[in-house]
J.: 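Right, I'll just put the structure down here and ask away after.
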Amino acid sequence: MLVSRFHIHGGGVECNTLTPHSTNLHPRKAAGQKLLRQISLRGKETELVSDDQPVLRFLDVDAIAVPPSWHSLERRCIAAERGTRTELKKALSSRLYPVPHIISTAACRCSITGTVLGRRFLSKAVNKFLADLFLALPKAIETVNLPKTTLSRYDLHHAHLFRDQTHGLGLLFHSKEYIVSGSGDVDVGNLGNCQIGTPLEFESEAMAWRNIIWLGAGQAASINVGPESPLNTDLLMDGLHEVCTILEDDLGETLADIYYIEELGKHGRAPHHRLFVIT
């Protein structure tokens, strides 16, 4: 199987194919490694393109300061190698926070997090940083003229925390999580109770750009994995091509899911109290 390789060509980057360098890596993981490397190397003013189709767009989240406590956790996770989850759990509070129902979820018996209890980080600075990052993404996405993303239980409300030995801790955000069944050119089918009431119709461009990656050095990018992107075949697992979903396992070691429930703001909760970490 072939994976994408990006080459600088003029003002952009063109995509060719090659066999993965390491026979030990699954082809999707090899493609994931190359994608992370490109995100870590490029500046915000540069677009990656393949056959004149953008592969990623960099997002300006520079105003979100990454706290020292995050970098400290990152160093410990990298050094731990096989004990990464243990290091992460040390950074989480022992207190369990009930995941509250919001009116619409209780009515349709939707469990957004899949559990009734979650944790937060011991570091208040890390909790604030993560909440601020969620809050900043919709505006950053709008600024680069990509389809609108909103913070809601139907759209952007979670990220997957992963560890890559080279690039440190990263976050994979998924927007457009619950789409109306039977809308658009692709029928996403029955996605469970949390799909009930969604206003989101299937739009090809919005789905193509639904994956967002943030790396620990502060780079953030929206990724195009639509049908015309080489990443659609190189990086996506069979069965996920039409819904354009990157799996966190193909980017590194999965550590936790981080949920941000914007609707809790209506009840007066501060942003960092809308955060729940599920390990």
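Position 1 is the first residue of the sequence, and the numbers go up from there.
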J.: With a cut-off of under 6.0 Å to the ring centre and 45° to the axis, is Arg120 in cation-pi contact with Phe276?
T.: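 Yes, a cation-pi geometry holds between Arg120 and Phe276.
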
J.: If you apply the rule side chain to side chain contact (heavy atoms under 4.5 Å, CB included), what do you find for Asn211 with Val225, and how did you get there?
T.: CA-CA 8 Å; Asn211 300 272; Val225 293; 3.5 Å; yes

J.: Which residue is it: His157, Arg274, Arg269, Arg153? I am looking for the one with a side-chain hydrogen bond (donor to acceptor under 3.5 Å, both in side chains) to Glu262.
T.: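 With Glu262 as partner, side-chain hydrogen bond (donor to acceptor under 3.5 Å, both in side chains) holds for just one option, Arg274.
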
J.: Rounded to the nearest 0.5 Å, how far apart are CG of Leu56 and CD1 of Ile212?
T.: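 With rounding to 0.5 Å, CG (Leu56) is 12.5 Å from CD1 (Ile212).
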
J.: Any donor-acceptor pair under 3.5 Å linking the side-chain atoms of Arg210 with those of Thr245?
T.: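 Yes - a donor-acceptor pair under 3.5 Å links their side chains.
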
J.: Report yes if the side chains of Thr84 and Cys77 come closer than 4.5 Å at any heavy-atom pair, otherwise no.
T.: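 Side-chain contact under 4.5 Å: yes.
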
J.: Hey, is the main chain of Arg37 close enough, under 3.5 Å, to the side chain of Ser40 for a donor-acceptor pair?
T.: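 At least one qualifying donor-acceptor pair exists.
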
J.: Would you mind reporting whether Lys124 and His272 have side-chain heavy atoms less than 4.5 Å apart?
T.: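 Heavy-atom side-chain distance check fails, nothing below 4.5 Å.
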
J.: With sequence neighbours excluded, give me every ring-ring contact (aromatic ring centres under 6.0 Å, His included) pair touching residues 215-234.
T.: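 ring-ring contact (aromatic ring centres under 6.0 Å, His included) check on residues 215-234 returns no pairs.
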
J.: Kindly work out whether a path of hydrophobic side-chain contacts (I/L/V/M/F/W/Y, heavy atoms less than 4.5 Å apart) joins Leu88 to Ile78.
T.: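 Shared cluster, no.
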
J.: Test of understanding: clusters of I, L, V, M, F, W, Y form through side-chain heavy atoms closer than 4.5 Å, transitively. Do Leu122 and Leu130 belong to the same one?
T.: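 No.
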
J.: Taking all atoms of both residues into account, what is the closest heavy-atom pair of Phe121 and Ile258, and its distance?
T.: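 For Phe121 and Ile258, the tightest heavy-atom pair comes out as CE1-CD1, 4.5 Å.
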
J.: Using modelled atom types and a 3.5 Å cut-off, is there a donor and acceptor pairing between side-chain atoms of Asn232 and backbone atoms of His241?
T.: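 Yes, because the side chain of Asn232 sits within donor-acceptor range (under 3.5 Å) of the backbone of His241.
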
J.: Rounded to the nearest 0.5 Å, what separates atom CZ in Arg163 from atom CG in Leu255?
T.: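 That separation rounds to 7.5 Å.
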
J.: Would you sort out whether Leu35 and Ile213 count as a side chain to side chain contact (heavy atoms under 4.5 Å, CB included), showing the intermediate values?
T.: CA-CA 10 Å; Leu35 176 60; Ile213 294 175; 3.8 Å; yes

J.: May I ask you to decide if Pro54's main-chain N or O and Asn224's side chain share a donor-acceptor pair within less than 3.5 Å?
T.: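 Answer holds: yes.
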
J.: Is it the case that the side chain of Ser93 and the backbone of Arg95 share a donor-acceptor pair, with hydrogens and angles ignored and the cut-off at 3.5 Å?
T.: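 Looks like yes, one N/O pair under 3.5 Å.
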
J.: Out of Tyr260, Phe134, Tyr259, Trp214, which one pairs with Phe173 under the ring pair (Phe, Tyr, Trp, His ring centres under 6.0 Å) rule?
T.: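 Exactly one candidate clears the test, Phe134.
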
J.: How far apart are the closest heavy atoms of Leu251 and Gly32, and which atoms are they?
T.: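 Between these two residues, the closest heavy atoms are CD2-CA, 4.0 Å.
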
J.: For the CD atom of Glu74 and the NE2 atom of His71, what is their distance to the nearest 0.5 Å?
T.: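 So the CD of Glu74 and the NE2 of His71 are separated by 7.0 Å.
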
J.: Tell me the closest heavy-atom pair linking Gly118 and Val99, and the distance in Å.
T.: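 Looks like N-CG2, 4.1 Å.
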
J.: Is it true that Leu96 and Val116 fall in one hydrophobic cluster, defined by side-chain heavy atoms closer than 4.5 Å?
T.: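 In one cluster: yes.
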
J.: For Asp155 and Lys176, run salt bridge (Lys or Arg N to Asp or Glu O under 4.0 Å): C-alpha distance rounded to whole Å, both residues' side-chain angles, the deciding distance at 0.1 Å, then the answer.
T.: CA-CA 4 Å; Asp155 199 342; Lys176 310 296 178 288; 3.3 Å; yes

J.: Quick one: pull up CD1 in Ile223 and CZ in Arg57 and give me the separation to the nearest 0.5 Å.
T.: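 The CZ atom of Arg57 is 11.5 Å from CD1 of Ile223, to the nearest 0.5 Å.
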
J.: Do Met207 and Ile179 pass the side chain to side chain contact (heavy atoms under 4.5 Å, CB included) test, and can you show the C-alpha distance, the side-chain angles, and the key distance before you say yes or no?
T.: CA-CA 10 Å; Met207 294 300 287; Ile179 304 296; 4.0 Å; yes

J.: Under the 3.5 angstrom rule, does the side chain of His167 hit a backbone N or O of Gln33 as a donor-acceptor pair?
T.: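 Answer holds: no.
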
J.: Rounded to the nearest 0.5 Å, what's the gap from NZ on Lys89 to OG on Ser94? Could you check?
T.: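 Reported value, rounded in 0.5 Å steps: 13.5 Å.
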
J.: Is a side-chain donor or acceptor of Lys29 paired with a backbone partner of Asp249 at a separation under 3.5 angstrom?
T.: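 Flag set: sc Lys29 to bb Asp249 pair under 3.5 Å.
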
J.: Between Val61 and Ala136, what is the shortest heavy-atom contact and its length?
T.: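 Of all heavy-atom pairs spanning Val61 and Ala136, the closest is CG1-CB, 4.5 Å.
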
J.: Drop me the distance from Leu231's CG to Lys34's NZ, to the nearest 0.5 angstrom.
T.: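 Rounded to the nearest 0.5 Å, the CG-NZ separation comes to 12.0 Å.
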
J.: Would you check if the side chain of Ser69 reaches a backbone N or O of Ser123 as a donor-acceptor pair within less than 3.5 Å?
T.: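 No, because the side chain of Ser69 does not come within donor-acceptor range (under 3.5 Å) of the backbone of Ser123.
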
J.: Given the rule that I, L, V, M, F, W and Y join up when any side-chain heavy atoms are under 4.5 Å apart, are Ile278 and Ile112 in one cluster?
T.: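 Both belong to a single hydrophobic cluster.
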
J.: Charged N to carboxylate O under 4.0 angstrom, Glu87 versus Lys90?
T.: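 Looking at Lys90 together with Glu87, the answer is yes, because their closest N to O distance falls below 4.0 Å.
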
J.: Which atom names give the shortest non-hydrogen contact between Cys194 and Tyr178, and what distance separates them?
T.: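 Here Cys194 and Tyr178 meet closest at CB-CZ, 3.4 Å.
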
J.: Does the pair Cys110 and Ile196 meet the rule for a side chain to side chain contact (heavy atoms under 4.5 Å, CB included), with working shown?
T.: CA-CA 8 Å; Cys110 163; Ile196 297 173; over 6 Å; no

J.: Please check: side-chain N/O of Glu248 versus main-chain N/O of Thr254, any donor-acceptor pairing under 3.5 Å?
T.: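 Not at all, since once roles are kept as given, no pair shorter than 3.5 Å links the two residues.
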
